[in-house]
Participant: 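I have a structure I would like to understand better, so I am pasting it below and will then ask my questions one at a time.
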Amino acid sequence: MFNYRTSTVNWTEYIVKIVNGSNSYIVFYNSTDSVKVVGNFTNVEVVVDGGTYNITLYNAKIEGNVIYYDPSSTNNVTIAVPEDLNTYNGVAFKDGVVANIFDRTSDQWANITFPTNFGIIAIQDSDSSLKPTYPTLNEGDVAILTVFVGGTTYFSTGTNSITIKDTSGFSGQFDHIGLPAVFGDGFKPRQKVSGKVVPEFGAPGVIEFTTPSSYTSFVIELQ
């Protein structure tokens, strides 16, 4: 189930949840590099130093751009999270004219924190009911819901970069966090997809389609 997030996010707690034996993964990006941390660690510690939350992963092995648990490794990796990311409350919302609805740097994508969140683009809202915090869709309103279906999410940390370093001298700063999307690598050809958009009141909107046998363009009308 997807939801529109309005509550505050604590990124330290969520990163620990992912890396501490979840068998999932989390990716940290910057403009040129990325580091993927596989969530199979058995010993994770959080130490607060001033305004920074240091998440230490013990027995960490680094191969290429992948960090994972190896009981034979004596290397430790620290993920330093700024305090401001533990009280993040930005929303994945955009209104007015949007030149490119697929621009991942725009709020409707960049502020999606978790794979099961969706963003909103308010296209038509004559009564101003589509608000960023508690958007309400009334008769005549038109909105686009944005959902990461494949790859990873692309949450922007803004000026609160996350630093990753290890005991061997590796160090890097990252300004985006990615989590695996709910459909893995994305919709497969000839895949049936169904769902509902459920309002607080009234009948739900039904989503049901089968993806094409091949993808020939970036934008495809499915329903």
Participant: Please list, chain by chain and in numerical order, all residues satisfying side-chain contact (heavy atoms from CB on, under 4.5 Å) with Thr32, sequence neighbours excluded.
Facilitator: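 Applying side-chain contact (heavy atoms from CB on, under 4.5 Å) to Thr32 gives Asn30.
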Participant: Phe93: which residues meet the ring pair (Phe, Tyr, Trp, His ring centres under 6.0 Å) condition with it, sequence neighbours left out?
Facilitator: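 Residues passing ring pair (Phe, Tyr, Trp, His ring centres under 6.0 Å) with Phe93: none at all.
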Participant: Cut-off 3.5 Å, no hydrogens considered: what does the side-chain donor-acceptor table look like for residues 94-104, sequence neighbours left out?
Facilitator:
residue, atom, partner, partner atom, Å
Asn100, OD1, Phe102, N, 2.9
Asp103, OD1, Thr105, N, 3.0
Asp103, OD1, Thr105, OG1, 2.7
Asp103, OD2, Thr105, OG1, 3.1

Participant: Tell me which one of Tyr88, Phe28, Phe114 satisfies ring pair (Phe, Tyr, Trp, His ring centres under 6.0 Å) with Phe155.
Facilitator: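 Exactly one candidate clears the test, Tyr88.
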Participant: Quick one: does any side-chain atom of Asn160 pair with a main-chain N or O of Leu85 as donor and acceptor, under 3.5 Å?
Facilitator: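 No, because the side chain of Asn160 does not come within donor-acceptor range (under 3.5 Å) of the backbone of Leu85.
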Participant: For Tyr29 and Tyr154: C-alpha separation, side-chain torsions, deciding distance, then whether side-chain contact (heavy atoms from CB on, under 4.5 Å) applies.
Facilitator: CA-CA 8 Å; Tyr29 301 92; Tyr154 199 70; 4.2 Å; yes
Participant: Run the numbers on Val91 and Tyr4 for side-chain contact (heavy atoms from CB on, under 4.5 Å), then give the verdict.
Facilitator: CA-CA 8 Å; Val91 291; Tyr4 181 72; 3.6 Å; yes
Participant: Check whether Thr56 reaches the backbone of Thr78 with its side chain - one donor and one acceptor, N or O, closer than 3.5 Å.
Facilitator: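 Answer holds: no.
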Participant: Please name the pair of heavy atoms, one in Ala80 and one in Pro82, separated by the smallest distance, quoted to 0.1 Å.
Facilitator: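 Minimum heavy-atom contact is O-CD, 3.8 Å.
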Participant: Do you know the tightest heavy-atom contact between Phe183 and Val149?
Facilitator: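 Closest pair (atom of Phe183, atom of Val149, distance): CB-O, 2.8 Å.
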Participant: So do Tyr69 and Val44 actually touch side chain to side chain, heavy atoms under 4.5 Å?
Facilitator: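 Val44 does not reach Tyr69 side chain to side chain.
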Participant: For residues 137-148, run the donor-acceptor check on the side chains, cut-off 3.5 Å, and write out each pair with its distance to 0.1 Å, sequence neighbours left out.
Facilitator:
residue, atom, partner, partner atom, Å
Asn138, ND2, Asp127, OD2, 2.7
Asn138, ND2, Ser129, OG, 3.3
Asp141, OD2, Ser129, OG, 2.9
Asp141, OD2, Asn138, N, 2.8
Thr146, OG1, Gln108, O, 2.8
Thr146, OG1, Gly119, N, 3.1
Thr146, OG1, Gly119, O, 3.4

Participant: So Asn23 and Asn40, do their side chains get closer than 4.5 Å, heavy atoms only?
Facilitator: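 Yes, at least one pair of side-chain atoms sits under 4.5 Å.
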Participant: So, do Val66 and Val38 sit near enough that their side-chain heavy atoms are less than 4.5 Å apart?
Facilitator: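 Yes, their side chains come closer than 4.5 Å.
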Participant: Going through the checks in order, is the side-chain contact (heavy atoms from CB on, under 4.5 Å) test met by Val9 and Tyr14?
Facilitator: CA-CA 8 Å; Val9 174; Tyr14 199 77; 5.5 Å; no
Participant: Under 3.5 Å, side-chain donor or acceptor atoms of residues 161-182 against the rest of the protein: list the pairs with distances, not counting sequence neighbours.
Facilitator:
residue, atom, partner, partner atom, Å
Thr163, OG1, Gln173, NE2, 3.4
Asp166, OD1, Ser168, N, 3.2
Asp166, OD1, Ser168, OG, 3.0
Asp166, OD1, Gly169, N, 3.1
Asp166, OD1, Phe170, N, 2.7
Asp166, OD2, Asn75, ND2, 3.0
Asp166, OD2, Ser168, OG, 2.7
Thr167, OG1, Asn75, OD1, 2.6
Thr167, OG1, Asn76, N, 3.3

Participant: Could you check whether Thr12 and Asn86, counting side-chain N and O atoms only, form a donor-acceptor pair closer than 3.5 Å?
Facilitator: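 Note: Asn86 and Thr12 side chains meet the donor-acceptor criterion.
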Participant: Quick one: which residue pairs count as a side chain to side chain donor-acceptor pair (under 3.5 Å) with a foot in residues 180-192, not counting sequence neighbours?
Facilitator: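 Side chain to side chain donor-acceptor pair (under 3.5 Å) check on residues 180-192 returns no pairs.
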Participant: Assess whether side-chain contact (heavy atoms from CB on, under 4.5 Å) is satisfied between Asn3 and Asn117, documenting all intermediate values.
Facilitator: CA-CA 5 Å; Asn3 60 77; Asn117 292 155; 3.1 Å; yes
